[in-house]
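In what follows, a structure is listed as structure tokens, so that the remarks can point back to it.
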Number of protein chains: 2
Amino acid sequence: MADTTQMLKGILDGCLLAIIKEGEIYGYELAAKLESYGFHSFSEGTIYPLLLRMQKEGLVSTTLRKSTAGPKRKYYSLTEKGEQELGQFITRWEQVSSSVNNVLDKRGK
Amino acid sequence: MADTTQMLKGILDGCLLAIIKEGEIYGYELAAKLESYGFHSFSEGTIYPLLLRMQKEGLVSTTLRKSTAGPKRKYYSLTEKGEQELGQFITRWEQVSSSVNNVLDKRGK
DNA sequence: GGTGTATACCTTGCAATACAAGATATCGAA
DNA sequence: TTCGATATCTTGTATTGCAAGGTATACACC
């Protein structure tokens with residue numbers, strides 16, 4: 001219990017959905033984007049399996065496009081189901097984060 | 001992915017530490033306390049193993065006291081190591097939660 | 001042509017942890 | 001003595017972030 005690994009469980013997927021909603025994006029780019037929001041950099045072993053799972057669940061759809069330098073990119077965009085899931089994620093997040101803040105504020109800070 | 005189970009990973013332990021810091025408390029009471037802060041009610045299968053783990057790691061110390069009705073209560077209090085861990089948890093929480101909020105706010109809300 | 005580097009994606013196996021389900025024990029009241 | 005409330009613990013399962021390793025494409029440079 002010395003890093004943020006456990007804390008990210010059940011949070012990362014919602015963040016990916018939120019970023020994808022902003023516009024089509026491919027996996028490799030997503031990793032960089034997450035960092036720009038304040039997350040520490042994620043390994044690809046984290047992101048790709050997650051994206052595949054969300055695709056399998058029908059939350060995102062994909063299209064392959066040629067890259068200027070490198071193999072084809074797999075672009076992700078949000079499905080309707082993905083938007084619904086994002087909405088539910090936000091509800092859960094607000095409920096949990098406000099509860100945590102309640103506990104921590106009580107502490108006197 | 002329909003409940004807050006995954007989202008609580010790596011968060012619950014810090015919340016327990018924060019509550020214990022407020023004053024001695026026993027497990028059964030902790031479950032109720034968490035609810036009062038806005039969490040849904042936790043099963044004992046969640047709380048007791050966590051408390052035992054934290055005791056084993058030296059984050060909390062325990063004393064048994066007779067109960068008015070029922071078996072002995074196991075009261076928990078924070079050790080110095082527990083306070084340090086709580087401080088680190090708060091740092092992690094603030095870093096992660098602000099990152100998540102960055103992502104969600106960008107979305108336009 | 002060949003070599004290296006950056007880009008881009010995927011797979012396997014591990015570790016951590018919330019939780020359901022079930023077991024056990026104590027005490028007071030009916 | 002039987003029941004319910006209190007109080008704790010154990011076992012097994014599912015999910016998920018991540019490290020490590022593998023593959024493939026395109027371009028620049030010699």
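Chain letters run A, B, ... following the sequence lines, proteins first and then strands; every chain starts at 1. When reading the values below, keep in mind they use all heavy atoms of this one structure, side chains included, and skip hydrogens, waters and symmetry mates.
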For the pair made of [atom1] in [X] and [atom2] in [N], what is the distance, rounded to whole Å?
X	N	atom1	atom2	value
A:Q6	D:dA19	CD	P	13 Å
B:E44	D:dT11	CD	P	17 Å
A:L8	C:dA15	CG	C1'	15 Å
A:Q55	C:dC9	CD	P	12 Å
B:I11	C:dA16	CD1	P	18 Å
B:K9	C:dC19	NZ	P	9 Å
B:L52	D:dT11	CG	C1'	13 Å
A:K74	C:dC10	NZ	C1'	9 Å

Exercise. Considering residues at least two apart in sequence or located in another chain, which fulfil the salt bridge (Lys or Arg N to Asp or Glu O under 4.0 Å) criterion with A:E44?
Worked result: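 Listed in chain order: nothing, the list is empty.
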
Can you name the side chain to side chain donor-acceptor pair (under 3.5 Å) partners of [X], sequence neighbours left out?
X	value
A:T79	none
B:T5	B:D3
A:S98	none
A:S36	none

Exercise. Does anything in residues 23-38 of chain A pair up under salt bridge (charged side-chain N to carboxylate O under 4.0 Å, His left out), and if so which pairs, sequence neighbours excluded?
Worked result: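 Output for this query lists A:E24-A:R65.
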
For this session: Could you check which residues of residues 27-36 of chain B get a heavy atom under 4.0 Å from DNA chain D? Sort them by number, please.
Result: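 Under 4.0 Å from DNA chain D: B:G27, B:Y28.
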
Under 4.0 Å from OP1 or OP2 of [N]: is there any side-chain N or O of [X] that close?
X	N	answer
A:T46	D:dG17	no
A:H40	D:dG17	no
A:R53	D:dT16	yes

For this session: To the nearest 0.5 angstrom, please state how far the CG atom of B:L8 sits from the CD1 atom of A:I11.
Result: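 B:L8 CG to A:I11 CD1: 9.0 Å, rounded to 0.5 Å.
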
Exercise. How does protein contact run along nucleotides 23-30 of chain D, one letter per nucleotide 5' to 3', with B for base contact, S for sugar-phosphate only, - for none, heavy atoms under 4.0 Å?
Worked result: -BBSS---

Exercise. Looking at C:dC10, C:dC9, D:dT10, which one has an atom nearest to any side-chain atom of B:Y48?
Worked result: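 Among the listed nucleotides, the one closest to the side chain of B:Y48 is D:dT10.
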
Exercise. From the list D:dA7, D:dG17, C:dA18, which nucleotide is the closest neighbour of the side chain of A:L50?
Worked result: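 Of all the options, the side chain of A:L50 is nearest to D:dG17.
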
Exercise. Can you tell me if B:K81 uses its side chain to pair, donor with acceptor, with the backbone of B:E57 under 3.5 Å?
Worked result: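 Yes; at least one donor-acceptor contact below 3.5 Å.
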
For this session: Name all residues meeting the ring pair (Phe, Tyr, Trp, His ring centres under 6.0 Å) criterion together with A:Y75; count only those two or more places apart in sequence or in a different chain, and write none if there are none.
Result: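 Scan of A:Y75 (ring pair (Phe, Tyr, Trp, His ring centres under 6.0 Å), adjacent residues dropped) gives A:Y26.
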
Problem set entry | Set of residues satisfying ring pair (Phe, Tyr, Trp, His ring centres under 6.0 Å) with respect to A:Y28, sequence neighbours excluded |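 For A:Y28 there are no ring pair (Phe, Tyr, Trp, His ring centres under 6.0 Å) partners, ignoring immediate neighbours.
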
For this session: Note the angle between the end axes of the helix from C:dG1-D:dC30 to C:dA30-D:dT1, five pairs defining each, rounded to 10 degrees.
Result: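 Computed angle between terminal axes is 10°.
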
For this session: Give the ring-plane orientation class for B:F89 versus B:W93, where under 30° counts as parallel, over 60° as perpendicular and anything between as tilted.
Result: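 Correct class here is parallel.
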
Problem set entry | Contact list for residues 43-71 of chain B, test ring-ring contact (aromatic ring centres under 6.0 Å, His included), sequence neighbours left out |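 Counting only pairs at least two positions apart or across chains, no ring-ring contact (aromatic ring centres under 6.0 Å, His included) contact touches residues 43-71 of chain B.
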
